[in-house]
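Down below is the structure, laid out as structure tokens.
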Amino acid sequence: MNKKEKYIILIINTLLCIGAIVFTATMMYGWGVFVKIVCYIIPSVCLITAVVTLLLKKYILYKTCFVVSVCAFIIVCAISIISTTAQLDKYATDSQKIERLTEIIRNTGKWGMIVFVLIQILQVVILPLPAVVCYVPGSRIWGAGIATLLASAGVLIGSLTAYFIGRFFGKRAVEWIAGKETTEKYINYIGNKGKIIFVLMQILPFFPDDILCMIAGLTAMNFPFFLAVMVIIRPMIIAAYCYLGNGSVIPFSGWGIPVWIAIFTVCIVLALLSLKYQDRVEKWLVAKFRKKNTDDDNDEVQENRDKE
């Protein structure tokens, strides 16, 4: 991104965040404190994080903040419009309002499910959306089990698409999507005996796991290994989000409210810490496992010499 593009995105991001906050304050009639707090916190965090990531030159996270801001604005606007048209203010509690919203979406039948799967594909290939934005709504609408299956199908298709973008369209296409600096860095990390590092980065939060799928297509990583990682790891992570996010484990009322506030707080703190220490963690992982691979290679060479 050039300087002009950075500041245009910052201005639009700021307007979207302010717009979401204004919509929450003026149009979220009848909604409870918890929902309003979430609607205030998300755009506020996006606004702060956008400024921080721009200053730290973390442009992938900067773009992600922008996408989240767009989504937050659209979601708040949609809830406000639906609240008015569906007369949600006549329902006494937030849980009744949410149940009515989910009923409206559930009544779309298979079309709603198809849209949900398409969103998962897009969030892997094009839109770097946070997992909670993609998976949790599905678990609230169709239940954790069905949402896990639908999201896993979409993410698997998206991950394979990302892999083949790297494999068939090459480095230039990946650099256009992910940026030259990011592409070079992760090729260096996983390009030479980096399978363990690739797996760990798929599991650990705050790593660009979707971008890593494209970069894996640029490396010598074979397709069967890549497919196995996606099939085994991604559904497990998606299931964790879906079962936690549908309120069956931690409810969205009573004792669950302070717990969710604490979870959001911890996630925000971890996100901010990752901005500062992610490079150090990445370098530590690479150094540790490359050293292990080197030691293993040396042991193998020594064993061969002993046999001779």
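On a predicted model such as this, the values are computed, not experimentally measured, just so you know.
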#### Entry: Residue pairs involving residues 144-156 (criterion side chain to side chain donor-acceptor pair (under 3.5 Å); sequence neighbours excluded)
none
Summary of salt bridge (charged side-chain N to carboxylate O under 4.0 Å, His left out) pairs that have at least one residue in [range], sequence neighbours excluded:
range            : result
residues 102-117 : E99-R106, R100-E103
residues 21-37   : none
residues 228-247 : D209-R234, D210-R234

### Query
Who passes ring-ring contact (aromatic ring centres under 6.0 Å, His included) against F164, sequence neighbours left out?
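F168, F223.
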Given side chains that start at C-beta, do those of [X] and [Y] come closer than 4.5 Å, heavy atoms only?
X    : Y    : result
V155 : Q123 : yes
I233 : I203 : yes
L218 : T183 : yes

Does [X] belong to the same Ile/Leu/Val/Met/Phe/Trp/Tyr cluster as [Y], with side-chain heavy atoms less than 4.5 Å apart forming each link?
X    : Y    : value
L47  : I9   : no
L149 : I141 : no
I215 : V199 : yes

### Message
Suppose we screen for side chain to side chain donor-acceptor pair (under 3.5 Å). Which residues come up paired with Y163, at least two apart in sequence or across chains?
### Response
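Checked Y163 against side chain to side chain donor-acceptor pair (under 3.5 Å); matches are R167.
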### Message
So, using side chain to side chain donor-acceptor pair (under 3.5 Å) as the criterion, who are the partners of E175 when residues are at least two apart?
### Response
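Not a single residue meets the side chain to side chain donor-acceptor pair (under 3.5 Å) criterion with E175.
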[X]: which residues meet the side chain to side chain contact (heavy atoms under 4.5 Å, CB included) condition with it, sequence neighbours left out?
X    : answer
V231 : L156, L227
A151 : F116, Q120, Y135, I238
I114 : W111, L118

### Message
Tell me the closest heavy-atom pair linking F198 and L212, and the distance in Å.
### Response
CE1-O, 3.7 Å
Can I get a per-line list of side-chain donor-acceptor pairs under 3.5 Å for residues 13-22, giving both atom names and the distance, sequence neighbours left out?
{"from": "N13", "atom 1": "OD1", "to": "S69", "atom 2": "OG", "distance (Å)": "2.6"}
{"from": "T14", "atom 1": "OG1", "to": "L10", "atom 2": "O", "distance (Å)": "2.7"}

